[in-house]
**Student:** 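Below you'll find the structure I mean.
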Amino acid sequence: MPSPMAKATVASAALSGASNILAQILEAYRDERPFAFDAGMFLRFVTVTFLSAPPNYMWQQLLERTFPAYERVRPNASASPDSPRDLEKQMADKPEAGAGPEPKPKLNLKNTFAKWFIDCITLGAIFNTVAFFVLMGMLKRQPVAVIARNVRTETIPVIVAGYKIWPFASIVSFSFIPVERRIVFLNFIGLLWGIYMSLVASRV
């Protein structure tokens with residue numbers, strides 16, 4: 001049975017492929033020319049997703065372990081203080097008979113903000129953008145100097161453009177989406193973003 005990471009990677013690649021096809025259609029419409037499917041561009045874009053989705057999945061897991069979305073509680077009073085359980089996983093467990101309803105989980109706003117800032121504003125945004133230009137350049141067999149120039153000149157504009165959509169998407173993701181489904185949710189939100197990045201990939 002495929003692992004959650006494998007499922008997320010395949011779903012992300014499928015969504016990236018869809019966004020690339022839409023981008024090619026829009027590009028042909030913009031240039032007032034007949035649509036001709038560019039298989040090379042499509043395969044490069046999907047390959048970048050296949051290569052970057054697993055690290056992104058593990059990155060989301062690391063963020064969730066470091067900054068749990070919900071308050072950690074102990075299963076009972078005798079539990080060791082060194083063995084807290086993430087409430088996100090506790091929510092999936094059935095309560096014991098006669099134990100009564102479990103308390104409503106409390107969202108940890110501090111942790112949610114920390115994950116949002118690290119993933120969307122700083123490290124996550126920088127890593128994903130630089131990785132995109134490096135991987136795309138390698139797949140296009142561009143010289144190192146060209147890849148370096150693209151990283152230098154395109155990274156900041158892409159990150160600034162991303163600030164128009166990803167902060168809100170990240171807050172929703174960290175607050176309400178289970179960690180194992182988070183990357184797929186972000187790729188649904190990123191369908192339009194994928195179109196934009198496909199257009200960026202076609203010009204670099």
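Sequence positions, counted from 1, serve as the residue numbers for this chain. Since we're looking at a predicted model, the values are computed, not measured.
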**Student:** Can you sort out the partners of L26 under side-chain contact (heavy atoms from CB on, under 4.5 Å), two or more places apart, ordered by chain and number?
**Tutor:** I195
**Student:** Nearest heavy-atom pair of L199 and A23: which atoms, and what distance?
**Tutor:** CD2-O, 3.8 Å
**Student:** With sequence neighbours left out, what residues match M58 under side-chain contact (heavy atoms from CB on, under 4.5 Å)?
**Tutor:** M5
**Student:** Of all residues at least two apart in sequence or in a different chain, which pass the side-chain contact (heavy atoms from CB on, under 4.5 Å) check with I118?
**Tutor:** W59, L63, F67, T122, L123
**Student:** Given the rule that I, L, V, M, F, W and Y join up when any side-chain heavy atoms are under 4.5 Å apart, are F132 and F50 in one cluster?
**Tutor:** no
**Student:** Any chance you could pull the hydrophobic cluster mates of Y29, using side-chain heavy atoms under 4.5 angstrom and chaining through other members?
**Tutor:** none
**Student:** With a 4.5 Å heavy-atom cut-off, do Y57 and P4 have their side chains touching?
**Tutor:** yes
**Student:** By side-chain contact (heavy atoms from CB on, under 4.5 Å), which residues pair with A6, not counting sequence neighbours?
**Tutor:** P2, S3
**Student:** Please name all residues satisfying ring-ring contact (aromatic ring centres under 6.0 Å, His included) with F113, sequence neighbours left out, ordered by chain then number.
**Tutor:** W116
**Student:** V172, F117: one ILVMFWY side-chain cluster at the under-4.5 Å cut-off?
**Tutor:** yes
**Student:** Going by heavy atoms in the side chains, are K115 and E64 under 4.5 Å from each other?
**Tutor:** yes
**Student:** Is I156 isolated, or which residues cluster with it under the ILVMFWY side-chain rule of less than 4.5 Å, directly or via members?
**Tutor:** V160
**Student:** Rounded to the nearest 0.5 Å, how far does CG of N56 lie from CG of L51?
**Tutor:** 11.5 Å
**Student:** Restricting to pairs with a member in residues 143-161, which pass salt bridge (Lys or Arg N to Asp or Glu O under 4.0 Å), not counting sequence neighbours?
**Tutor:** E154-R203
**Student:** Minimum heavy-atom separation for N108 and P68, please, with both atom names.
**Tutor:** CB-O, 3.9 Å
**Student:** Is the shortest side-chain heavy-atom distance between N150 and M136 below 4.5 Å?
**Tutor:** no
**Student:** Who clusters with V144? Use side-chain heavy atoms, under 4.5 angstrom, across I, L, V, M, F, W and Y, and order the result by chain and number.
**Tutor:** none
**Student:** When you look at OH of Y163, are more than 12 heavy atoms from neighbouring residues, nucleotides or ligands closer to it than 6.0 Å?
**Tutor:** yes
**Student:** Do V200 and I159 land in one hydrophobic cluster if side-chain heavy atoms of ILVMFWY residues count as linked below 4.5 Å?
**Tutor:** yes
**Student:** How many angstroms lie between atom CD1 of I25 and atom CD of E27, to the nearest 0.5 angstrom?
**Tutor:** 11.5 Å
**Student:** Decide yes or no for F133 and T155: does some side-chain heavy atom of the first lie under 4.5 Å from some side-chain heavy atom of the second?
**Tutor:** yes
**Student:** Is there a path from V134 to V48 through hydrophobic residues (I, L, V, M, F, W, Y) whose side chains come within less than 4.5 Å of each other?
**Tutor:** yes
**Student:** Nearest 0.5 Å, please: how far is CG in D119 from CG in N128?
**Tutor:** 7.5 Å
**Student:** Quick one: closest heavy-atom pair of L191 and L15, and the distance?
**Tutor:** CD1-O, 3.6 Å
**Student:** Side-chain atoms of residues 32-47: list all donor-acceptor pairs with protein atoms under 3.5 Å, sequence neighbours left out, distances to 0.1 Å.
**Tutor:**
from, atom 1, to, atom 2, distance (Å)
D38, OD1, G40, N, 3.1
D38, OD1, M41, N, 3.1
T47, OG1, L43, O, 2.6

**Student:** Which residues satisfy the ring-ring contact (aromatic ring centres under 6.0 Å, His included) test with Y196, sequence neighbours excluded?
**Tutor:** W193
**Student:** To the nearest 0.5 Å, what is the distance between OG (S202) and CE (M197)?
**Tutor:** 11.0 Å
**Student:** Side-chain heavy atoms nearer than 4.5 Å, only ILVMFWY residues, links allowed to pass through others: does that put I147 and L135 together?
**Tutor:** yes
**Student:** Please name all residues satisfying side-chain hydrogen bond (donor to acceptor under 3.5 Å, both in side chains) with S198, sequence neighbours left out, ordered by chain then number.
**Tutor:** N20
